[in-house]
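For reference, the structure is listed below as structure tokens.
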Amino acid sequence: MGEKIRLDKYLAEMGLGTRSQIKEAARKGRIRVNGVTEKGAEKKIDPDSDTVLFDGQEITYVRMEYYLLNKPQGVVSATEDTLHKTVLDLIDGKRKKELFPVGRLDIDTEGLLLITNDGDLAHRLLSPRHHVDKVYYAVVDGELPEDAPQQFKKGITLKDGMVTMPAGLEIKEAGKGTAQVLVTIQEGKFHQVKRMFQAMGCRVTYLKRLSMGPLRLDEGLRPGEYRPLTEEEVQALKQ
Ligand code: URA
């Protein structure tokens with residue numbers, strides 16, 4: 001027998017409405033559990049053995065899983081690949097088939113990658129409309145123009161003519177022909193950070209993602225290591 005879940009949580013997590021909408025639906029007799037109409041929404045459900053119908057339709061429960069991976073270099077952000085190891089090859093567990101990475105990091109990029117089976121959340125985090133900040137640490141070769149931060153703020157015209165949304169650039173350290181910087185972007189165009197520097201005649205030689213919205217990469221996670229998100233982290237991401 002699996003872990004039991006309250007009926008309202010069960011249906012809310014499966015996208016049937018908010019908990020109060022589900023309570024209301026129960027009151028109206030729209031929910032049946034094991035063939036019996038359930039007028040309240042507090043009943044504890046065992047997803048492995050109970051059958052839940054909403055308006056006559058069976059709703060199966062898929063447990064949501066969330067992992068924070070420190071992606072190492074040399075693995076691809078895909079679920080399958082014929083040539084390279086994928087980020088999912090680094091995750092153990094039985095529900096692995098349903099998991100996918102939220103967005104892509106290049107094969108040579110390290111750092112924070114969220115792995116989940118929650119399609120709704122992934123969609124929200126990736127949509128530029130939702131303005132989720134992604135912060136990268138980069139080492140850049142070449143001479144950055146003095147007004148580089150202002151150019152980032154205005155949006156950079158890439159070599160193919162595409163213009164990026166306004167972005168942040170903070171120079172942490174600059175030496176002769178090289179700089180260490182923090183870049184904040186809200187989009188995820190193909191090779192975006194590398195192409196933003198390319199447009200200024202520079203080259204990114206190292207790239208690591210440090211955060212995505214409220215989620216931060218733990219110093220304690222070495223490249224290739226991962227851990228489940230805490231309940232607080234999941235709630236923060238959903239807000
Ligand atoms: N920008 C890039 O150029 N590469 C990444 O992996 C992520 C952002």
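In what follows, every heavy atom counts, from backbone to side chain, and hydrogens, waters and symmetry copies are set aside. As the structure lists them, so they are numbered: ligands from 1, and atoms in each ligand from 1. Please read these numbers as outputs of a predicted model, since none were measured by experiment.
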Worksheet item: Is ligand 1 under 4.0 Å from a heavy atom in the side chain of Leu207, in the backbone, in both, or in neither?
Response: side chain
Discussion item. Using a 6.0 Å cut-off, check whether atom NZ of Lys238 has over 12 heavy atoms from anything other than its own residue.
Written reply: yes
Worksheet item: For ligand 1, is there an N or O atom under 3.5 Å from any N or O atom of Val193?
Response: yes
Practice prompt. Give the residue and atom name of whichever protein heavy atom lies nearest to atom 4 (N) of ligand 1, and the separation in Å to one decimal.
Written response: Asp106 OD2, 2.7 Å
Worksheet item: Considering only heavy atoms from C-beta outward, does the side chain of Met165 approach that of Ile185 to under 4.5 Å?
Response: no
Worksheet item: Is any side-chain heavy atom of Thr109 less than 4.5 Å from a side-chain heavy atom of Lys194?
Response: yes
Discussion item. Quick check: Thr109 and ligand 1, any N/O pair under 3.5 Å apart?
Written reply: yes
Discussion item. Atom CD of residue position Glu80 - does it have more than 12 heavy atoms of other residues, nucleotides or ligands inside 6.0 Å?
Written reply: no
Worksheet item: Counting N and O atoms only, with roles assigned by atom type, does the side chain of Asp108 sit under 3.5 Å from a partner on the main chain of Gln73, one being a donor and the other an acceptor?
Response: no
Practice prompt. May I ask whether Tyr136 has any heavy atom positioned less than 4.0 angstrom from an atom of ligand 1?
Written response: yes
Practice prompt. Would you check the N or O atoms of Arg195, main chain and side chain alike, for any that come under 3.5 Å of an N or O of ligand 1?
Written response: no
